[in-house]
Structure formats: structure tokens, C-alpha cells
Novice: 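First the structure, then my questions, so here it is.
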Amino acid sequence: NVTLGRRKYDFKNNLDGRAGQILLQAFLLAVVGLIESLLTQEVVNKFTKTKGDRGRTIVAMGSGNILSGLLGGMGGNAMIGLSTINCLNGGRGRLAPTVTALVVMVMIMGGYPVLNYVPVSALVGIMIVVVLHTFKWHSLPAILVAALPERARERFGLRYKIDRMDVLVVLIVTVATNLPFLNLAYAIFIGLAFSGLVYSWKSAQRVTVSSELVGSDLKIYRVSGPLFFGSTSGFPDFFDAERDPSTVEAHFTDAMLFDSSAMKVLNTLTKMYSSLGKTFVIRKLDPLSTRSVFKASRLLHYVELATGDDVPVKALEGDDETPQQIIGNSSTAKVVVSESAV
């Protein structure tokens with residue numbers, strides 16, 4: 001039990017059997033509060049032509065909510081309506097929001113009968129003004145144009161189309177927010193998940209591999225694009241191990257390894273060439289990819305990590321293990337990073 005002034009809180013009775021529900025609702029309210037506060041700050045930044053500190057905004061909101069909860073009050077966040085009205089009426093500093101907060105406090109503590117004299121039509125008019133200044137009206141024609149075929153857009157000169165996947169994300173979040181069994185927090189998570197899937201799909205399509213035969217015993221593959229779990233499944237198909245000469249180099253100048261799937265595909269390629277008695281050399285990895293390969297060297301059983309003069313020192317800085325301790329097992333394939341990759 002906790003006693004604050006005349007109030008006595010019995011947390012045992014409040015949390016008995018409802019801890020999970022309370023924590024879930026607290027998390028959802030925190031997410032909604034963060035999103036709305038940051039969106040409000042973005043709107044205020046556009047009005048005032050300044051750049052606010054998001055970290056201080058979040059800390060201030062969290063501290064206020066904790067104090068309010070301990071005193072028996074309700075949680076809250078930055079109000080986009082009040083903030084917009086303040087900015088439209090010349091509020092640019094700290095005085096305007098301070099006065100607004102004090103007036104709201106006075107109304108809650110005893111001045112609320114005065115609100116009965118304010119016509120509802122006046123409040124409706126204020127909210128209409130807020131909507132007119134905060135809604136992104138340019139998004140409506142962009143969404144409509146995205147549904148038109150290219151021939152129709154060219155005919156009428158409609159050159160402000162956005163990606164159809166972006167339009168789909170907007171519609172999904174809008175519909176999910178208004179469903180009775182969901183709320184804004186769930187809608188945001190659904191939108192983020194869908195956007196992540198779309199980005200992964202598009203990034204996987206950006207991987208390209210070109211080849212060049214140098215003489216009769218060397219072939220160079222040039223890899224471009226991000227290598228991650230979504231783009232590695234068909235990556236070995238770009239290589240022709242059986243027909244390639246005895247020495248093959250893969251240059252990763254314009255590529256980057258993002259996860260363990262990318263390093264695993266290097267192991268697969270090396271094993272494929274090693275089984276045919278051929279040398280497979282990986283060159284020009286960027287420093288971050290080089291560090292990832294060195295740190296996972298115990299898992300890359302078919303890749304030998306070369307530590308010659310062409311390995312940049314920057315790629316190995318900060319590692320607890322020395323290069324001599326993490327040499328791989330294969331004698332027919334190695335990873336080499338040239339100075340040009342740094």
C-alpha cells in the first residue's frame with residue numbers, strides 16, 4: 001500500500017489478475033502518446049521554422065505522465081489542436097504553451113462551469129481550422145493519381161504519382177485505425193510491418209551480378225546490391241562453378257553483407273568451388289562486411305580469412321580476436337579486401 005496525501009493506493013488489489021492487461025494498455029497508450037507528440041512537434045516545427053529536440057519532448061512527456069499517474073490523474077500527450085491554434089495566433093516561445101497549461105489546470109480544478117458559456121459551434125469552427133491547417137491535402141490527388149494507368153497520367157500531365165505500395169500502406173493504416181477491435185498503435189505496427197516487407201522485396205530485386213573473363217584461367221564476378229535473407233536464396237545461381245576457370249574472384253565493391261544469411265551464402269559458394277578443386281577469392285568487401293566475416297569465421301568452415309597486406313587495418317579495429325586466431329579451415333578459398341574498398 002502507498003499513501004500520497006489523503007489518497008491510499010492498494011496496488012495488490014489493482015494488479016490482481018489484471019497485470020497483463022494493464023501493462024498492455026500502458027504500452028499502447030505510450031506508443032500512441034509518442035507518435036502523436038512527435039507528429040505535433042513536426043507540425044509546430046513547420047509553423048515556427050525551427051527544429052525541436054525530440055528527446056527532450058519524450059522525456060518531458062514521460063515525466064509528466066508518471067507524476068500524473070502517481071497523483072491519480074490520467075495520462076496525456078502533446079495536443080495537436082492546441083499547438084496548432086497557438087502557432088496560428090502568434091505563439092512561438094514557451095509563454096504560450098505555459099499559459100495554455102495553466103488555463104487548462106484552472107478549468108479542471110474549478111473553472112469548468114465557465115465552459116458552459118462557450119458555444120459548441122465556436123469549438124467546431126476551431127477544430128475545422130485545425131484540420132484545414134494540419135491535413136496534408138496534397139496527399140489526396142497523389143493517392144488518386146496512383147490508381148490511374150500510365151497512359152492516362154501522361155495524357156493529362158499528372159506527374160505527381162507516388163508509389164502504389166505507399167498508397168496501400170496509407171489505406172491499410174487508415175482502415176486499421178478505424179476498426180473497432182484495433183487502435184492507432186496496432187495500425188502503426190501493421191503499417192511498419194507491411195512497409196518492411198515491401199522494402200525487403202524491393203531490395204532483393206536490386207542485386208545484380210556481372211562477369212568478365214580475364215585470360216584463360218581467371219574469371220571475375222562483380223556483385224552489386226544488398227545481400228541479406230531476402231536476396232541470398234537465388235544468389236548462387238549467378239555463378240557457373242562447373243564451367244568457370246580454375247581461379248574465380250568475386251568483387252563486392254558495390255555490395256554489402258547485412259546478416260548471417262549473406263555470410264552463409266559465401267560459405268556455400270566457397271564450398272561449391274572447393275569441391276571442384278577451384279580457387280574462389282572474395283575481394284573488395286567494405287570494412288563493416290569484413291568485420292562481420294571475421295567475427296563469424298568459426299561458422300564459415302569453408303572460407304579462409306586471408307590477413308595479407310591488402311586487408312585494411314580499419315576493418316579489424318575493435319575486434320577482441322587477432323587475425324591469426326580466426327583463420328579459417330579451407331586452403332582453396334579466401335576472403336581478401338583490397339585498400340580500394342575503404
Novice: Can V31 be reached from V169 by stepping across I, L, V, M, F, W or Y side chains whose heavy atoms are under 4.5 Å apart?
Specialist: yes

Novice: Could you tell me whether a side-chain N or O of S289 sits under 3.5 Å from a main-chain N or O of L257, the two making a donor and an acceptor?
Specialist: yes

Novice: Find out if a path of hydrophobic residues (ILVMFWY) with successive side-chain heavy-atom gaps under 4.5 Å connects V173 to I143.
Specialist: no

Novice: How far apart are the closest heavy atoms of D286 and M256, and which atoms are they?
Specialist: OD1-CG, 3.6 Å

Novice: Counting only N and O atoms by type, is there a donor-acceptor contact under 3.5 Å from the side chain of N86 to the main-chain atoms of G91?
Specialist: no

Novice: Kindly say whether E249 contributes a backbone atom to a donor-acceptor pair with the side chain of R283 at under 3.5 angstrom?
Specialist: no

Novice: Donor-acceptor pair, distance only, cut-off 3.5 Å: does the side chain of W137 make one with the backbone of L132?
Specialist: yes

Novice: Flag yes if more than 12 heavy atoms outside F135 fall under 6.0 Å of its CZ atom; otherwise flag no.
Specialist: yes

Novice: So which heavy atom on A146 is nearest to which on V167, and how close?
Specialist: CB-CG2, 3.6 Å

Novice: In Å, rounded to the nearest 0.5 Å, how long is the span from OG of S203 to CG of L227?
Specialist: 11.5 Å

Novice: For the residue pair L213 and P245, establish whether any side-chain heavy-atom pair is separated by less than 4.5 Å.
Specialist: yes

Novice: Go through the steps for V104 and M107 under the test side chain to side chain contact (heavy atoms under 4.5 Å, CB included), then give the verdict.
Specialist: CA-CA 5 Å; V104 171; M107 292 297 174; 5.7 Å; no

Novice: Apply side chain to side chain contact (heavy atoms under 4.5 Å, CB included) to the pair S200 and F229, showing each step before the final yes or no.
Specialist: CA-CA 9 Å; S200 299; F229 66 91; 4.1 Å; yes

Novice: Is a side-chain N or O of N178 found less than 3.5 angstrom from the main chain of T174, in a donor-acceptor match?
Specialist: yes

Novice: Taking all atoms of both residues into account, what is the closest heavy-atom pair of M61 and S37, and its distance?
Specialist: SD-OG, 3.0 Å

Novice: Which heavy-atom pair separates K284 from T253 by the least distance, and what is that distance?
Specialist: CD-OG1, 3.1 Å

Novice: What's the spacing between L192 CG and L197 CG if we round to 0.5 Å?
Specialist: 11.0 Å

Novice: Mind listing the closest non-hydrogen atom pair of K219 and S211 along with its distance?
Specialist: CE-CB, 3.7 Å

Novice: What is the minimum heavy-atom distance between S231 and A204, and which atoms define it?
Specialist: CB-CA, 3.8 Å

Novice: Are side-chain heavy atoms of E42 and L38 found at a separation under 4.5 Å?
Specialist: no

Novice: Could you check if a side-chain atom of V43 sits within less than 4.5 angstrom of a side-chain atom of F47, using non-hydrogen atoms only?
Specialist: yes

Novice: Ignoring hydrogens and angles, tell me if any N or O in the side chain of K278 forms a donor-acceptor pair with the backbone of E242 under 3.5 Å.
Specialist: yes

Novice: Within a reach of under 6.0 Å around CZ of R164, are more than 12 heavy atoms found that belong to other residues, nucleotides or ligands?
Specialist: yes

Novice: To the nearest 0.5 angstrom, please state how far the CG atom of D237 sits from the CG atom of D240.
Specialist: 10.5 Å

Novice: Name the one of F235, F252, F239 that satisfies ring-ring contact (aromatic ring centres under 6.0 Å, His included) with Y221?
Specialist: F239

Novice: Look at the rings of F280 and Y273 and say which category their plane angle falls in: under 30° parallel, 30 to 60° tilted, over 60° perpendicular.
Specialist: parallel

Novice: Where the side chain of N77 meets the backbone of L34, is there a donor-acceptor pair that is under 3.5 Å apart?
Specialist: no

Novice: Taking D259 for the side chain and A262 for the main chain, is one N or O donor matched with an acceptor at less than 3.5 Å?
Specialist: yes

Novice: How many angstroms lie between atom CD of E36 and atom CG of L184, to the nearest 0.5 angstrom?
Specialist: 8.0 Å

Novice: Between S63 and A60, is there a donor-acceptor pair closer than 3.5 Å when you use the side chain of the first and the backbone of the second?
Specialist: no

Novice: So if you build clusters from Ile, Leu, Val, Met, Phe, Trp, Tyr with side-chain heavy-atom gaps below 4.5 Å, do V145 and F156 land together?
Specialist: yes

Novice: Would you compute the distance between atom OG1 of T290 and atom CZ of F294 and round it to the nearest 0.5 angstrom?
Specialist: 7.0 Å

Novice: Supply the atom-to-atom distance L285 CG to H251 NE2, rounded to the nearest 0.5 angstrom.
Specialist: 10.5 Å

Novice: Does the pair L182 and I190 meet the rule for a side chain to side chain contact (heavy atoms under 4.5 Å, CB included), with working shown?
Specialist: CA-CA 10 Å; L182 295 178; I190 294 173; 4.1 Å; yes

Novice: Indicate if V170 and I172 have the same hydrophobic cluster label, given that clusters are the connected sets of ILVMFWY residues with side-chain heavy-atom separations under 4.5 angstrom.
Specialist: no

Novice: Going only through I, L, V, M, F, W and Y residues with side-chain contacts under 4.5 Å, is there a path from F27 to Y186?
Specialist: yes

Novice: Take T208 and F238 through the side chain to side chain contact (heavy atoms under 4.5 Å, CB included) test and state the conclusion after the steps.
Specialist: CA-CA 9 Å; T208 58; F238 289 109; over 6 Å; no

Novice: Is there a donor-acceptor contact under 3.5 Å from the side chain of T247 to the main chain of L218?
Specialist: no

